[in-house]
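To start, the structure itself, in C-alpha coordinates.
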Amino acid sequence: MSNIENIAARRPAESSQQSLPTLHVEDRDGVVHELEAVEGWRLMEILRDHGVGMDNTCGGALACAECHVVLDADSARRVPPPREEEIEKLDELPMLYENSRLSCQIIWSDEMSGLRLKLAQET
(Lines give C-alpha, C1' and ligand atoms only; values in the text may rest on other atoms or scores of the structure.)
Protein backbone atom coordinates (compact mmCIF):
# COMPACT_ATOMS: atom_id res chain seq x y z
CA MET A 1 0.00 0.00 0.00
CA SER A 2 1.44 3.41 -0.94
CA ASN A 3 1.86 6.28 1.51
CA ILE A 4 -1.09 8.07 -0.08
CA GLU A 5 -3.30 4.99 0.25
CA ASN A 6 -2.33 4.71 3.93
CA ILE A 7 -3.28 8.35 4.56
CA ALA A 8 -6.56 7.95 2.67
CA ALA A 9 -7.43 4.83 4.69
CA ARG A 10 -7.06 6.78 7.95
CA ARG A 11 -9.36 9.62 6.85
CA PRO A 12 -12.92 9.66 8.14
CA ALA A 13 -15.53 8.60 5.61
CA GLU A 14 -16.34 11.42 3.23
CA SER A 15 -19.94 12.29 2.46
CA SER A 16 -21.05 11.71 -1.11
CA GLN A 17 -21.28 15.48 -1.59
CA GLN A 18 -17.61 16.07 -0.74
CA SER A 19 -14.96 15.13 -3.23
CA LEU A 20 -11.36 14.31 -2.48
CA PRO A 21 -8.70 16.66 -3.86
CA THR A 22 -7.62 15.29 -7.22
CA LEU A 23 -4.86 15.81 -9.71
CA HIS A 24 -5.33 14.86 -13.38
CA VAL A 25 -2.14 13.55 -14.99
CA GLU A 26 -1.45 12.48 -18.55
CA ASP A 27 1.43 10.03 -18.55
CA ARG A 28 4.04 9.63 -21.29
CA ASP A 29 1.85 7.05 -23.05
CA GLY A 30 -1.12 9.45 -23.23
CA VAL A 31 -3.11 7.71 -20.48
CA VAL A 32 -4.89 10.12 -18.11
CA HIS A 33 -4.84 9.27 -14.40
CA GLU A 34 -6.97 10.87 -11.68
CA LEU A 35 -4.87 10.87 -8.52
CA GLU A 36 -5.80 11.65 -4.96
CA ALA A 37 -3.50 14.36 -3.63
CA VAL A 38 -2.30 15.14 -0.11
CA GLU A 39 -2.04 18.67 1.31
CA GLY A 40 1.57 19.79 1.78
CA TRP A 41 3.16 17.17 -0.49
CA ARG A 42 5.23 18.04 -3.54
CA LEU A 43 3.56 17.14 -6.84
CA MET A 44 6.58 14.94 -7.51
CA GLU A 45 5.85 12.91 -4.35
CA ILE A 46 2.21 12.47 -5.29
CA LEU A 47 3.14 11.28 -8.78
CA ARG A 48 5.83 8.94 -7.41
CA ASP A 49 3.59 7.38 -4.77
CA HIS A 50 0.90 6.69 -7.35
CA GLY A 51 3.50 5.12 -9.66
CA VAL A 52 3.10 7.71 -12.40
CA GLY A 53 6.56 8.34 -13.83
CA MET A 54 8.66 9.78 -11.00
CA ASP A 55 10.95 6.87 -10.17
CA ASN A 56 14.39 8.39 -10.83
CA THR A 57 14.30 11.85 -9.35
CA CYS A 58 16.72 13.74 -7.13
CA GLY A 59 14.04 14.17 -4.47
CA GLY A 60 13.51 17.87 -5.00
CA ALA A 61 17.12 19.07 -4.83
CA LEU A 62 16.91 20.73 -8.28
CA ALA A 63 19.68 18.47 -9.51
CA CYS A 64 18.06 16.48 -12.31
CA ALA A 65 14.84 17.99 -13.79
CA GLU A 66 13.47 14.44 -14.28
CA CYS A 67 10.20 15.63 -12.71
CA HIS A 68 9.51 18.01 -15.63
CA VAL A 69 5.77 18.44 -16.21
CA VAL A 70 3.67 20.67 -18.43
CA LEU A 71 0.64 22.30 -16.84
CA ASP A 72 -2.41 23.22 -18.86
CA ALA A 73 -3.02 26.99 -19.14
CA ASP A 74 -5.64 27.18 -16.38
CA SER A 75 -3.55 25.07 -14.01
CA ALA A 76 -0.46 27.19 -14.65
CA ARG A 77 -2.36 30.21 -13.31
CA ARG A 78 -3.38 28.31 -10.16
CA VAL A 79 0.09 27.45 -8.86
CA PRO A 80 2.69 29.80 -7.40
CA PRO A 81 5.17 31.12 -9.97
CA PRO A 82 8.55 29.38 -10.27
CA ARG A 83 11.47 30.65 -8.23
CA GLU A 84 14.73 31.66 -9.90
CA GLU A 85 16.42 28.31 -9.11
CA GLU A 86 13.63 26.39 -10.86
CA ILE A 87 13.79 28.68 -13.90
CA GLU A 88 17.55 28.14 -14.16
CA LYS A 89 17.14 24.34 -14.06
CA LEU A 90 14.31 24.45 -16.63
CA ASP A 91 16.55 26.51 -18.94
CA GLU A 92 18.97 23.55 -19.06
CA LEU A 93 16.35 21.26 -20.63
CA PRO A 94 16.56 20.51 -24.37
CA MET A 95 12.77 20.87 -24.78
CA LEU A 96 10.84 23.52 -22.86
CA TYR A 97 7.14 24.38 -23.11
CA GLU A 98 5.21 27.52 -22.23
CA ASN A 99 3.90 26.03 -18.96
CA SER A 100 6.85 23.79 -18.08
CA ARG A 101 7.45 23.29 -14.37
CA LEU A 102 9.40 20.97 -12.11
CA SER A 103 6.90 19.01 -10.04
CA CYS A 104 9.33 18.89 -7.11
CA GLN A 105 8.92 22.64 -6.72
CA ILE A 106 5.13 22.76 -6.49
CA ILE A 107 3.66 22.07 -3.05
CA TRP A 108 0.10 20.74 -3.25
CA SER A 109 -2.72 22.59 -1.54
CA ASP A 110 -6.30 21.39 -1.68
CA GLU A 111 -7.25 24.62 -3.48
CA MET A 112 -5.37 23.17 -6.47
CA SER A 113 -7.87 20.30 -6.77
CA GLY A 114 -8.62 19.62 -10.42
CA LEU A 115 -5.12 20.63 -11.56
CA ARG A 116 -4.19 19.16 -14.96
CA LEU A 117 -0.71 18.35 -16.14
CA LYS A 118 1.19 16.17 -18.57
CA LEU A 119 4.47 14.40 -17.88
CA ALA A 120 7.11 15.80 -20.20
CA GLN A 121 8.93 13.30 -22.39
CA GLU A 122 12.08 11.95 -20.76
CA THR A 123 15.22 13.94 -21.48
Side-chain angles (χ1 to χ4, degrees):
M1 186 178 285
S2 75
N3 290 334
I4 290 179
E5 289 169 333
N6 285 331
I7 290 169
R10 291 192 304 253
R11 285 188 179 161
E14 302 280 339
S15 78
S16 60
Q17 294 178 338
Q18 293 178 327
S19 62
L20 296 173
T22 56
L23 171 63
H24 305 275
V25 180
E26 182 179 334
D27 67 22
R28 292 182 178 108
D29 295 323
V31 177
V32 177
H33 306 266
E34 187 173 306
L35 310 178
E36 181 180 344
V38 178
E39 180 90 25
W41 284 31
R42 297 171 187 272
L43 288 183
M44 175 203 65
E45 295 168 323
I46 296 166
L47 296 167
R48 180 199 62 215
D49 277 14
H50 281 290
V52 183
M54 293 292 134
D55 297 330
N56 300 316
T57 63
C58 67
L62 284 170
C64 70
E66 292 293 320
C67 65
H68 179 202
V69 297
V70 182
L71 299 169
D72 74 1
D74 178 60
S75 296
R77 290 188 289 273
R78 296 176 56 211
V79 299
R83 295 186 335 237
E84 187 62 33
E85 297 86 5
E86 180 182 357
I87 293 169
E88 288 173 7
K89 182 51 78 176
L90 285 167
D91 283 343
E92 295 174 11
L93 295 173
M95 182 63 82
L96 199 57
Y97 304 91
E98 183 176 350
N99 295 319
S100 285
R101 292 294 303 269
L102 298 179
S103 63
C104 69
Q105 298 301 298
I106 301 172
I107 307 297
W108 178 267
S109 71
D110 289 346
E111 292 79 35
M112 293 179 187
S113 187
L115 209 71
R116 296 185 179 279
L117 62 87
K118 181 177 182 177
L119 300 183
Q121 293 302 314
E122 295 180 90
T123 55

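- Here Glu86 pairs with Arg101 under the side-chain hydrogen bond (donor to acceptor under 3.5 Å, both in side chains) rule; sequence neighbours left out.
- Interatomic distance, CZ of Arg48 versus OG of Ser103, reported as 10.0 Å (0.5 Å rounding).
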Chi angles and distances behind the side-chain contact (heavy atoms from CB on, under 4.5 Å) call for Ile46, Val25: CA-CA 11 Å; Ile46 296 166; Val25 180; over 6 Å; no
From CA spacing to verdict: side-chain contact (heavy atoms from CB on, under 4.5 Å), Asp49, Val38: CA-CA 11 Å; Asp49 277 14; Val38 178; over 6 Å; no
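- The line from CD1 of Ile87 to CG of Leu96 is 10.5 Å long, rounded to the nearest 0.5 Å.
- Here the closest heavy-atom approach between residue Asn99 and residue Ala73 is recorded as ND2-CA, 3.7 Å.
- There is no path of hydrophobic side-chain contacts, each under 4.5 Å, that joins Ile107 to Leu35.
- The NE2 atom of His50 sits 12.0 Å away from atom CD of Glu45, with the distance rounded to the nearest 0.5 Å.
- With sequence neighbours excluded, the residues satisfying side-chain hydrogen bond (donor to acceptor under 3.5 Å, both in side chains) with His33 are Asp27.
- When every heavy atom of Cys67 is checked against every heavy atom of Cys104, the shortest pair comes out as SG-N, 3.4 Å.
- Listed by chain and residue number, Arg77 satisfy the salt bridge (charged side-chain N to carboxylate O under 4.0 Å, His left out) test with Asp74 (two or more places apart in sequence, or in another chain).
- A distance of 10.0 Å separates OG in Ser100 from CG in Asp91, rounded to the nearest 0.5 Å.
- Heavy-atom minimum distance, Ala63 versus Cys58: N-SG, 3.4 Å.
- Here the CG-CG distance, from Leu23 to Leu43, works out to 6.0 Å after rounding to the nearest 0.5 Å.
- Using a 4.5 Å cut-off between side-chain heavy atoms of Ile, Leu, Val, Met, Phe, Trp and Tyr, with links allowed through other members, Val70 and Met95 fall into the same hydrophobic cluster.
- A 4.5 Å side-chain heavy-atom check between Leu102 and His68 finds at least one atom pair inside the cut-off.
- One distance of note links CD of Glu66 with CE of Met54; it measures 8.5 Å at 0.5 Å rounding.
- When all heavy atoms of Trp108 and Thr22 are compared, the closest pair comes out as CH2-O, 3.4 Å.
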Stepwise side-chain contact (heavy atoms from CB on, under 4.5 Å) check, Met44 with Val69: CA-CA 9 Å; Met44 175 203 65; Val69 297; over 6 Å; no
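- In terms of the side-chain contact (heavy atoms from CB on, under 4.5 Å) criterion, residue partners of Arg116 (sequence neighbours excluded) are, by chain and number, His24, Asp72, Ser75.
- Contacts of Glu88 classified as side-chain contact (heavy atoms from CB on, under 4.5 Å), with partners at least two apart in sequence or in another chain: Glu84.
- Between Met112 and Pro80, the closest heavy-atom pair is CE-CD, 3.9 Å.
- Residues passing the salt bridge (charged side-chain N to carboxylate O under 4.0 Å, His left out) test with Glu85, sequence neighbours excluded: Arg83.
- In this view, Glu92 and Lys89 satisfy the salt bridge (charged side-chain N to carboxylate O under 4.0 Å, His left out) rule, not counting sequence neighbours.
- Checked against side-chain hydrogen bond (donor to acceptor under 3.5 Å, both in side chains), Ser109 has the following partners two or more places apart in sequence or in another chain: Glu111.
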